[in-house]
Amino acid sequence: MRLASTKQDPVTFLSLIRQCIDTKSISDIKKVQTQIMKSGFLLGFGDKLIDGYIKCGGVVDARKLFDELPKRHIVTWNSMISTHIGHKRTKEAIGLYKKMILEGVFPDEYTFSSILKGFSEMGSLREGQRAHGFSIILGLEASNVFVGSALVDMYSKFGQMRDAKLVADRVVKRDVVLFTALIVGYSQHGEDREALAVFVSMINGGVKANEYTFASILIACGNVENLWNGKLIHGLIIKSGFESVVASQTSLLTMYSKCGLIDDSLKVFKRFANPNPVTWTSLIVGLVQNGKEEVALTKFRQMTRNSINPNAFTLSSVLKACSSIAMLEEGKQIHAIVTKHGLDRDTYCGAALVDLYGKCGSTEMARLVFDDIIELDVVSMNSMVYSYAQNGLGHEALELFNRMKDLKLQPNDATFVSVLIACNNTGLVEEGCQIFASMKKNHNIELTRDHYACMVDLLGRSGRLEEAEALIEQVRSPDVVLWRSLISACGIHGEVKMAERIKDKVLKLAPGDEGTHVLLSNIYASTGNWSQVIEMKTTMREMRLKKDPAMTWVDIDREVHTFMAGDWSHPRSKEILETLTELMERVKSVGYVPDTRFVLQNLDEEKKERSLYYHSEKLAIAFALWRTSNKTTSIRIFKNLRVCGDCHNWIKYVSKVVNREIISRDSKRFHHFKNGLCSCGDYW
DNA sequence: ATAGGGTTAG
């Protein structure tokens, strides 16, 4: 810019500054500033220059000049504060606010409407409350809706919904922004019904909803799976002409998938001409939450093919898809994409990766990722603790749990589930009991069914059956799962009488519970009480109860092979049988003895032995060994039920004779078989 | 001359 050197009158300066704002050039303003200073007019133009800097995005320069001025207009103070808030310079904004008060400049409605956000961002409720008090003294709290909604927003962010509501009720002229802030507050703190009530009262009060309101209220509908209202609001959106607004569309999509109507979500998605990363992510999340992990991954690939860049939200969700169906290979590929986007150390992606590796039995990988996470939080901690827990590394889990205290992270209910599982899987009975007792006393955690389930299992398996029973009695309405766990513990400790007593109790509660029948018939079978086995099985048949057939699957080269006991439908059955026969000879020669106690049918010994051979995990392992070379040092198998004692013993021997690691995930935990030993130490 | 609320996650 060429500066007019001849004319140096105020009118020229004003027009120069205006030009700078139009061209958004900070360096030009600096030149103008120098010019003005030379001519001695600075005092009169300070506010104007600052306004110029701010409008050009020069926060730092604005601040520099601001500090040099002896006096600034209240408008300038306000602009400075709001622009600092907008640039996430929260501390500086609060500093300016305090400075203005010290200098005797009273904050006004503009000041409060921007500074309050600063307090919620800093987490300083106290200071926010002080500012609130000040606004009441100045008569601004209820008379100005901007101040009112900023206060509502602040209290909402702090979860102080009672105060948010009190302020909202006092504001004289309530508008859509104020109501939306209140709706969001309620919905983000689990009070979605209250959010809906606010929405209704807003509409009844004649205030029209806009795209922001629609987006927020749909989240509330989705959270409580209130499809009826969700559909009503869908109608309202169409009527109000917000149909094509991306944010409300996205929330609509999420609402439908949270209500389980994934097809409707897909319909909404199809109407987007140019779906953005958020839209894609919402769809993918919906698919994952509705158990359609494979479709979610297909959509993810489609998204990247359309050169839409995934973000941390997208990646953590597809990682979750991989871990829920234990697709390690697929997950590793996504890990590479995560790295490519520089999100390895992100808290959410990190937690999802830890979870993935944990659920695939690789605690070492999980730990490597975990150690790289920049900002650990409760969830990422929980993921790592859970990885250790399910893989039977109880001491490591407890060590991390203790580290949470040092990091000042409050353990939540999920943390305790993981910790108790860790104790359970490692036989740390005393530690488990102590931690359980401390939950309510020291951590104020509400005990859930899951916590009780862990403890019943822990006590039961260690033989403290009466204590386990007493604990179940404490639960208000105990679930069959708790009783089943106790029955199974009775089986382990040969307490047939007690098992029968508990069974009668359960069947009074839930007469058709197939799990209980199966457990009892297994207990009878293991003690050779075949007449009782037949009786149980007859009852089951009469009641048309079916048990889940045992299944094992193995993922080789991204292809899943599923096996069931005695099922020879696999195209490679011949090879499987050959490998299995050869393996049997080799393990027997080093000491394996079939344990026919685990055959739950009354057959002669030879037939019993045969039936053991054909357990689904043995077939899967034989297949995996046949298909892979020695270079594949570890084999992963997955089971829907728990591993039986004979297979467990057999796999130990196999791991030794073939010198490979076999990792098995059953319905409860992982077993890492290596060199003739299992990571569970034979306690499971 | 300056101001307040919203879409996706582990």
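Please read all numbers here as calculations on a predicted model, not as lab measurements. Just so it is clear: chains get the letters A, B, ... in the order the sequence lines come, proteins before strands, and each one is counted from 1.
A salt bridge does not link Arg345(A) to Glu375(A): none of the charged nitrogens lies less than 4.0 Å from a carboxylate oxygen.
Sorted by first and then second residue, the pairs that involve residues 260-275 of chain A and meet side chain to side chain donor-acceptor pair (under 3.5 Å), not counting sequence neighbours, are Glu243(A)-Arg271(A).
The stretch residues 327-355 of chain A touches DNA chain B through Thr347(A), Tyr348(A), Ala351(A), each having a heavy atom under 4.0 angstrom from the strand. Within residues 106-119 of chain A, the residues having any heavy atom closer than 4.0 Å to DNA chain B are, in order of number, Glu109(A), Tyr110(A), Ser113(A), Lys117(A). Listed by residue number, the members of residues 296-322 of chain A with any heavy atom below 4.0 angstrom from DNA chain B are Asn311(A), Ala312(A), Phe313(A), Ser316(A), Ser317(A), Lys320(A). Within a heavy-atom distance below 4.0 Å of DNA chain B, the residues of residues 167-190 of chain A found are Asp175(A), Val176(A), Val177(A), Leu178(A), Thr180(A), Val184(A). For the segment residues 77-86 of chain A, residues with any heavy atom less than 4.0 angstrom from an atom of DNA chain B are, sorted by number, Asn78(A), Ser79(A), Ser82(A).
For DNA chain B, the contact window with chain A, defined by any atom under 4.0 Å from a protein heavy atom, covers dA1(B) to dG10(B) in 5' to 3' order.
A search for side chain to side chain donor-acceptor pair (under 3.5 Å) contacts involving Ser380(A) returns Asp377(A), not counting sequence neighbours. Evaluation of the side chain to side chain donor-acceptor pair (under 3.5 Å) rule for Asp47(A) yields Thr76(A) as partners, not counting sequence neighbours. A search for side chain to side chain donor-acceptor pair (under 3.5 Å) contacts involving Thr180(A) returns Thr213(A), not counting sequence neighbours. Partners of Thr347(A) by side chain to side chain donor-acceptor pair (under 3.5 Å), not counting sequence neighbours: none found.
The two residues Ile337(A) and Phe300(A) come nearest to each other via the heavy atoms CD1-CE2, 4.0 Å.
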Could you go through residues 93-107 of chain A and list every donor-acceptor pair under 3.5 Å that involves a side-chain atom there, pairing it with any protein atom two or more places apart or in another chain?
from      : atom 1 : to        : atom 2 : distance (Å)
Lys98(A)  : NZ     : Glu127(A) : OE1    : 3.0
Glu103(A) : OE1    : Arg72(A)  : NH1    : 3.1

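When heavy atoms are screened at a 4.0 angstrom cut-off, Thr213(A) is found touching base atoms of the nucleic acid.
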